Amino acid sequence: MDHKDILAEYADGLVKGNIRVEDVLEKYNIPPGSELAALLRMAALLDRVLVQVDVPPEFVHQLREELLGTDVQTLVQRIRQLTTFQIAAGLGGITFAAGVLWWARRLNEDARLRRGAEEPTPQSALVS
Amino acid sequence: MMEYKELDDASLVVLAKTDKGAFGELYERYVSRIYNYIYYRTSNHHEAEDLTAKVFMRAMGHIRAYDERGVPFSAWLYRIAHNLVANWHRDRQRRKIIPLDDFMSKRLRSDMPEEETESKEEQRHLLDSIRRLPEDRQQLLILKYVERLSNAEIGKIMDRTEGAVKSLYYRTLSALREQFDIDEAKMEETQDGS
């Protein structure tokens, strides 16, 4: 078998993760001190050193947003993906927040009216 | 609702001409690979982010004109990345050292046999030797070992036959070994001198 073919076969095995350099040396009866053995070891070294690096997730997210944006279509798709429970919970939350706001505003209005009734008007001050 | 994940690249490309969601799925499939390819070619995370963004911006801008005949979408993306990296090297003429900490990979794990674990110095040394190779040889090694592609896939990206890729791989390994030995001898000389 040609040296090129042996190296190509070994590289494919490395990529699949199911081969050892010793197995290839033995299979093709390659002397450990030969040029071909040295090239096979170099390939094994490359396989261990050239590895995938992690891509920062925030970069992936940000670039996706830049490319695709958050248009109305995407928003509709996102809402469609929500479960009935999530939609109900969301609507419940909005209703509750609106209720709290209305109640707080009402209390504030009542207090203002009470203060208005108790304070002397300019006319009553003149009379006294 | 359309399940993009179930579609192959070719179908997604057809949809992506008018549908951003389909392009989004292609983006998810390839962003990490393109980033890695550029990172190894530039040795710099900041440049990798910048150029990866340019690759996908360009791909999105030209997707309507892209025709899959002969060149799969993935190969098309790598070609865009390759051209941008080549321009980057031409414009700036700079080669930085890859930060070694990033290479402490999952595969350099503690259960690896002792004779197979390399020192940081040896890894740095190998990466330096790779960087001294011609551009097409660096590209081949990255596509083969980082991207884990077959010779047929590499051939489509580099516009060569499978046989030509095999020959180039053989010549690349021989040249790298030679370069590695020269660098190692220099390193030993330096250590002896100091």
Side-chain angles (χ1 to χ4, degrees), chain A residues 1-17 20-22 32 34-82, chain B residues 1-2 19-21 23-24 27-28 31-36 39-40 45 48-49 52-53 56-57 59-60 98-99 102-108 112 116-118 122-127 130 141-142 144-151 162-163 165-167 169-171 173-174 176-177 180-181:
Chain A
M1 202 173 180
D2 190 54
H3 284 189
K4 281 183 213 169
D5 293 324
I6 294 172
L7 285 167
E9 184 187 310
Y10 181 55
D12 287 343
L14 284 172
V15 167
K16 288 175 193 155
R20 293 182 329 132
V21 72
E22 292 77 18
S34 66
E35 171 73 13
L36 181 57
L39 294 181
L40 289 166
R41 286 196 196 93
M42 177 57 71
L45 180 61
L46 282 168
D47 184 56
R48 292 193 297 274
V49 174
L50 292 180
V51 295
Q52 289 255 331
V53 293
D54 292 331
V55 186
E58 59 277 15
F59 162 72
V60 175
H61 176 75
Q62 195 184 330
L63 179 55
R64 191 190 161 91
E65 288 296 305
E66 277 176 37
L67 286 165
L68 308 178
T70 314
D71 53 21
V72 176
Q73 198 183 348
T74 317
L75 199 64
V76 169
Q77 279 182 350
R78 280 184 189 171
I79 291 169
R80 278 182 185 167
Q81 282 170 348
L82 294 174
Chain B
M1 202 175 82
M2 179 90 59
D19 177 358
K20 276 185 175 183
F23 189 85
Y27 168 78
E28 293 291 342
V31 64
S32 175
R33 290 187 184 196
I34 294 296
Y35 180 96
N36 264 271
Y39 175 65
Y40 273 93
H45 277 294
E49 288 189 3
T52 301
F56 283 97
M57 295 280 182
M60 199 161 87
I98 299 173
D102 291 333
F103 290 97
M104 297 300 106
S105 73
K106 295 160 202 154
R107 280 184 292 152
L108 281 171
M112 189 178 279
E116 288 188 1
T117 55
E118 290 74 36
E122 194 175 14
Q123 292 181 40
R124 185 198 303 276
H125 176 185
L126 179 66
L127 292 166
I130 292 170
L141 292 180
I142 294 165
K144 170 70 69 189
Y145 288 103
V146 182
E147 308 287 328
R148 325 290 287 173
L149 299 180
S150 68
N151 284 348
E162 213 175 321
V165 172
K166 199 190 279 184
S167 297
Y169 175 67
Y170 177 70
R171 292 199 301 277
L173 271 190
S174 302
L176 181 64
R177 188 181 165 246
F180 189 73
D181 288 347

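By convention in this document, chain letters (A, B, ...) are assigned in the order of the sequence lines, proteins followed by strands, and residues within each chain are numbered from 1. Here the structure is a predicted model, which is why all the values come from computation and not from measurement.
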Just so I know, are the side chains of [X] and [Y] near enough to count as touching, which here means a heavy-atom distance under 4.5 Å?
X: A/L63; Y: B/M57; value: yes
X: B/Y40; Y: A/V51; value: yes
X: A/E35; Y: B/R177; value: yes

Report the distance from atom [atom1] of [X] to atom [atom2] of [Y], rounding to the nearest 0.5 Å.
X: B/Y170; Y: A/L36; atom1: OH; atom2: CG; answer: 7.5 Å
X: A/L45; Y: B/E122; atom1: CG; atom2: CD; answer: 5.5 Å
X: B/M60; Y: A/E66; atom1: CE; atom2: CD; answer: 10.0 Å
X: B/S174; Y: A/L39; atom1: OG; atom2: CG; answer: 4.5 Å

## Note on the structure
Applying a strict 4.5 Å limit to non-hydrogen atoms, the region of B/I130 in contact with chain A is side chain
## Note on the structure
Turns out that what part of B/L173 lies under 4.5 Å from chain A's heavy atoms comes down to both
Give the minimum heavy-atom separation between [X] and [Y], together with the two atoms involved.
X: B/Y169; Y: A/L7; answer: CE2-O, 3.7 Å
X: B/G24; Y: A/R64; answer: O-NH1, 3.2 Å
X: A/V53; Y: B/H45; answer: CG2-CE1, 4.4 Å
X: A/M42; Y: B/L176; answer: SD-CD2, 3.8 Å
X: A/F59; Y: B/Y27; answer: O-OH, 4.2 Å
X: A/D5; Y: B/K166; answer: OD1-NZ, 2.6 Å

#### Entry: Side chain B/Y145, main chain A/R48, donor-acceptor under 3.5 Å
no
### Message
Quick test of your reading of the model: are A/D47 and B/R148 salt-bridged, counting only N-O distances below 4.0 Å?
### Response
yes
### Task
Could you check A/L50 against B/L127 for side chain to side chain contact (heavy atoms under 4.5 Å, CB included), going step by step and ending with a plain yes or no?
CA-CA 8 Å; A/L50 292 180; B/L127 292 166; 3.9 Å; yes
